[in-house]
Structures are given as C-alpha cells and as structure tokens.
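Okay, so here's the structure we're looking at.
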Amino acid sequence: MRILIVEDEPRLQRNLVKALREEGYAVDAAGDGEDGLYKAEAFNYDAIILDVMLPRLDGWELLERLRKKKRTPVLMLTARDGHNDRVKGLDTGADDYLVKPFDLSELLARLRALIRRSTNQTSSKIEIRDVVLDTRARSALRGETPVVLTAREFAIIEYLAIHRGEVITRAEMYEHLFDENDDTLSNLLDVHIFSIRKKLGSEVIATRRGQGYCIE
Amino acid sequence: MIFNSIKWRLLLWMAFLLILILTGLGIAICHIHLADQLSQFDDRLEGQVATLTAALSGPVTPDPDEHPPGETPGDVSAEQTNRPSPPVDQPDAGPLRLPPAFDGLFGTRNTNSFYFVLWAHGDPAPFRESANAPDGVTRPHVSNKDTGTHIRVRHRFREAYHVTEHGDCVLVGRIVDSEYEEARHFALLIFFSGAGVLGLILAAAWWLLVRALRPLEKISAAALKIASGDLSQRINVPETESELGRLAAVLNSTFARLETAFAQQRQFTSDASHELRTPISVLISEAQTTLARERTPDDYREALAASLDAAQKMRRLTESLLELARLDAGQEMLRRENTNLAAIVQDSVKFVRALAVARRVQIHCDLAEAKIFCDASRIAQVVTNLLTNAINYNYDEGEIWITTHIEGGAAVLTVVDSGLGIAPSALPRVFERFFQADESRTAGNTGLGLSICKAIVEAHGGSIEVSSSLGRGSTFTVYLPA
C-alpha cells in the first residue's frame, strides 16, 4: 500500500511518515499543496492523507482539482472542527475527516478502513487456502501456526490478496509497495516473493511468466 | 402589571386630566346655562310686574266685593276682550282690570303657571291675588322710596316685586321646578356628551400611543434576542427621523459594532486554538509513534527533541496570546517613564547583533535623540521585533537602516530593510493576528509578532505603518507621542 501525506508542519510530517512506514506502508510526503497535487496526480496512491491548511494551494483546492482526474481515497486532516468544515470536506469529495490533534491509532484505523472500502473488502481478515491474513494486526496464520512476515513481505501478500484474481504486474507492485525514498536493494521483489513462498507455501502466489504475480 | 406599562400610565394620566377639564367645563356650562335660564325667567317676571303695575296705575284700594280667587281674572278679562284700550284709563278705585294678555298667564289653577299678588299701600294682607297663588306669600319689605323691580327666591318659587309710587306692591311669581328640571336635563346632556368626547379622545390617544410605541416594542424584542445570543438581530424601524427611529439607528450601529467585536473575538479564539492544535498533534503523534515499539537511544533523543520543539512553540504562542490579551485589556499594564528612544534602539540593536552576524546582515543606525514618555521595556520589545523581522526576512548579506528623530511633536522610528518585501495583497493584513505572509510556518513564528507591536504602539497612543515593494524590502514606521 502506498500512501501520500500532504502536511506542511515538518515535524508532524516526518513523524507521520515514520509511523506509517513502520505499519508497512510505502509513504511519500509533500510539504505544500502544489507538490501534493503534483504527486497525487503523478502516482497511483492507495490513499492520501491531506492537511487542510497548506501553503500555496490549500487542501480544499487540491482535493477539488484532484477529483476531476482521480478517485484516490482522501483522509482530510484539519485543525478546525467546525461542523461546516466537516460538511464542506465531505461534500468536496473527502472520504473521511480527522480533527487535529488526533490519536495515531485512530488515524491508522481510519486509513485501513478507507483502503478496505476502496477495494470492497468487508473484513480485515483475508483467507487464502490454509493461510489467514489479518490486515489489522498485520499478522499471518498458516493453519494454526503463526508465521512471522517482515513488513515488506506482508505488504506484498496483502496487496496481492486485496486484488485477488487479478494479475499484478511488477511495475504496479513497485508503484504501490515502494516509495520514492526506498533504495534499490529493498526493491528486489523476487527476493521478497521467494521468502513469502518459503514461509506460506509455494502455491500461495502464482507466477504468470512475462506478466506478473497473482493470488487465485 | 398594566401600571408598569408606559402606554397605560400615559393613558390613565390623560384620562385623569381630561376628566378634570371636562368636569370643570361641564359644570361651568351648566351654571351659565342655568343662570341664563333664570335671568330670562326674571325678565319675564319683571315684564309681567311692569304690565301689572301699568294696569294698576294708581293707588290700590281694597275691593270690598272681592271675587273668589281664580275666577275674577277670567271674568274680568272676558269682559274686556272687546276693549283694546288699557285699563289705565279707568278711574281709580274701580275694580282692577287686567289686560287681555293676562288671561293665559294667570288664568289657570296650574301650579306651574304664573301667579300674582297685590298689596295695597300700608296693608300687609294682599288685597288681590290670582287663583293659583300659593299660600304664605308675604308682602316683601321694601321702603316706599324704592320703586325698582326686585327678585326674590322663596323655596321653589321665584318672585319679582315692585312697589308703585303710590306704595302699592305688585308681585308676580312662579314655581321654578320646570327651569331646574330643564337645567338637570341639560346637565345630563352635557355629562353624556362629555363622556362621549372623553371616550373618543382616549380611543384616539390609545391608537396614537400604540403607533408611537410600536418601535419601542420592536427595539425591546430585538434587544431581547441579542441578549439571548443572536447578535445578527437588527431593529427594523421604517421612520428614521423620529426620536425612536434615531434611537433604533444608534442601537443598530451599536449592535453591529458588538457583532463585529464578537466575531473578531471568536475568530481570534478559533485561530489561537488552531495554532495550538498543530504542536499538540506533533507532541501526541511523536509520543505515540515512539512508544509503539522498542527504539534506539538515538530515536528516543530525536523524539524528545521534536516534543521539546513542539512544547516551546506552544509556550511562545501562549505567551504571545497572554500578552495580547493583557494589551487588549487596557493601558494599566504600561509602566511609563521619561526615556530616550535612541537609547532603547541602541540596546535592541545590541540584542539582535548575533542574529544579524549569523545572516551576515549589516545594521546601519542614524539615531537622533527623541525623548518620549513610555514603557521602555515594551517599546524595546517593538524595536527588537521589527529588527528580528528585518533580519529574518532579509537576504543573506542584506542591509538594515534604523533611524530615530522628532517630527511634528512625535518621535519617529523607521526600520528599513533590503529584504524580501511583502506582496501588495498581503500588505494590508500584516498586522492581523496569526497572519503570515509566506504561509510556510517557519519554526518559531507565531504570526503574532506584528500584532503585538501594533497593540503596544497603540497602547502608547501612537501608530505603526508599513510600506513595501516585493523583492526590494520593507519600511516600518512607528510614531510615538513625545
């Protein structure tokens, strides 16, 4: 899952990026509205966390312009909790709304719910053969045995599971699972897939030669 | 309670005064009317006395064969109907002959008609009286010399009498019940007309009062709504020229000012809480992220540094807010003394020197002595703030010129920088609270610095102005009363 954070307060931005990366998301950040809009249009994010008060281009304007091109789920962050602001935000096309100061756990829960809704999942648990993925706890069970997956491994199998039945190209995997700051070493997708198969069974992820990967 | 209502009180007073006036007027009219009636009646009595006297025209001697009362005048007059000549021509001592006109007057037994009584000279007993003359008519006591006609009132009777030159006395009278009855009717008429007039005037007055006081009700209704918190209420009074219209206009402008003040206050509170929310967000999410798992000492150090940053920002913000609140509250915070503005500026320049050196910004001073009566530490705060801005919003190796002088009785301070300048669109708003021209909130900026400068200068009775051209620098000018 790749997330864009548009937040102008540097401390808060840095902290959110760190927190989301630790949750296994690939995270990009933008410090003002123009940069945010550029990134939101250029990449296919799974969700955007958008602050309302931004220099150059405010959150409302960014959202309005983005909605003309894309349906990316947007979670608005605002320091104003006026009723009108909330209504305005939801009317402009925001998918959810969170007032500062917020709890990190609430932000993460809302983000998960947002992604679940946008991919038509109803539950945070996904079953693949004898494997159960818990997207909330970010843990995996093989039969009754817990399996330890790295954040990156979990992100890969989660993405494939959410888009179950679809063939996901390597390019798409790269776009959604690695952010602009990831170094090339961690991008070795094949290494991660090999490791997942070793832990959960080789039949979990199918390889479509020349096209990509797929969970059937 | 209706007596607390102006409308009712005015109406009751008006009714009270009207009743007084109408009653007085009514009584006067009735009196005049009655007097008039009686004087007319007296004229008739006197006329009849005169006629009777003329008929006697000589000393009256008692008539030996006196006719039974009531018949004589009739008989006499019947006898004389064919004789137009008055009985004056008759020889004296003959039976009294009365003119025919007297027939109707004295002819009946009706107690309500005129009666006459005649007394001969020197005789207390009447020698002749009409049939309807009441009992107990006594001879009036008049000296023989007095030949005038007099009026006397006896119980229900009114009588006119006259003593002829012969000493005979002629008296004509009548019961005056009918006059008084008539006067009573008249008084009743006056009473009812008065009541009608009173009713009409009060109705008209009520209508006028209701109309005149309607704006007052509107005012109180609007004021009530405003008191309960709806500050957008205004009084809708169409006639603006009347006293109440002017009052409504004054109140409306007061309400408008109140609403603006409240809106500003609300905006300020909302802005303040907004500004506090961001550092609090940083603090909370920093702590939560850090506590989510085991960290290296470096991670903890970084998290603590970030938290400290956020806390410092909040401290600066709350200090600035408190300061603004105190300045808003009034002038009593100022500890004024006689000082020299040039000396204050020199201290401030020393204070910011390190910052200027770090940015390699040069500060040029041109300080003429300018004595002012002010709170030196507050004015130093203004100068330091302006200098810090001039350094922060300057290019590296930029320049600052600071001058003080006296101009037109005021001390003038100018701070000119060669810096970034302020966009014309942002220029009118630089003194607004929380306004930040560049919007990228650089750490340590509360957006309150210039607002505080303005508040301090205005608390001293001075003013602050700014002019700027984008990319070339800004000029801040402070005027302080010397």
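Numbered from 1 within each chain, the chains take letters A, B, ... in sequence-line order. Just so it is clear, the values below take in all heavy atoms, side chains as well, and ignore hydrogens, waters and symmetry mates. Remember, predicted model here, so these are calculated numbers, not experimental data.
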Step through the shown structure and confirm whether more than 12 heavy atoms of other residues, nucleotides or ligands are within 6.0 Å of [atom1] on [X].
{"X": "A:K18", "atom1": "NZ", "value": "yes"}
{"X": "B:R472", "atom1": "CZ", "value": "no"}
{"X": "A:K70", "atom1": "NZ", "value": "yes"}
{"X": "B:F351", "atom1": "CZ", "value": "no"}

Out of curiosity, B:S307 OG to A:R11 CZ, how far, rounded to the nearest 0.5 Å?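 Result: 8.5 Å between the selected atoms.
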
So, taking the atom named CE in A:M53 and the one named OG1 in B:T278, what distance separates them when rounded to the nearest 0.5 Å?
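So the gap between those two atoms works out to 8.0 Å.
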
Residues in residues 380-387 of chain B near chain A [non-hydrogen atoms, under 4.5 Å]: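 Hits under 4.5 Å: none found.
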
Practice prompt. State, to 0.1 Å, how close B:S281 and A:P101 come at their nearest heavy-atom pair, and which atoms those are.
Written response: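 Scanning both residues completely, I find the closest heavy atoms to be OG-CA, 3.2 Å.
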
Should A:L12 and B:E286 count as side-chain neighbours, where that means a heavy-atom distance under 4.5 Å?
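When only atoms from C-beta onward are counted, B:E286 and A:L12 do not touch, as no gap falls below 4.5 Å.
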
Do the side chains of A:R14 and B:E302 get nearer than 4.5 Å, heavy atoms only?
->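 Side-chain contact under 4.5 Å: yes.
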
Among A:L77, A:L16, A:N15, residue most engaged with chain B (heavy-atom pairs, under 4.5 Å)
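Looking at each of A:L77, A:L16, A:N15 in turn, A:N15 comes out on top.
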
Write out, in numerical order, the residues from [range] with a heavy atom short of 4.5 Å from a heavy atom in chain B.
{"range": "residues 27-47 of chain A", "value": "none"}
{"range": "residues 104-112 of chain A", "value": "A:L104, A:S105"}
{"range": "residues 131-144 of chain A", "value": "none"}

Ion pair A:E22/B:R293, N-O distance below 4.0 Å: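 Salt bridge flag = yes for B:R293 with A:E22.
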
Under 3.5 Å, side chain of B:R277 to main-chain N/O of A:K100, donor-acceptor pair present?
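Answer holds: yes.
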
Chain A contact via B:A292 - side chain, backbone, both or neither, heavy atoms under 4.5 Å:
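When you check distances to chain A, no heavy atom of B:A292 falls under 4.5 Å.
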
Part of B:I280 lying under 4.5 Å from any heavy atom of chain A:
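It is both, since atoms from each part get that close.
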
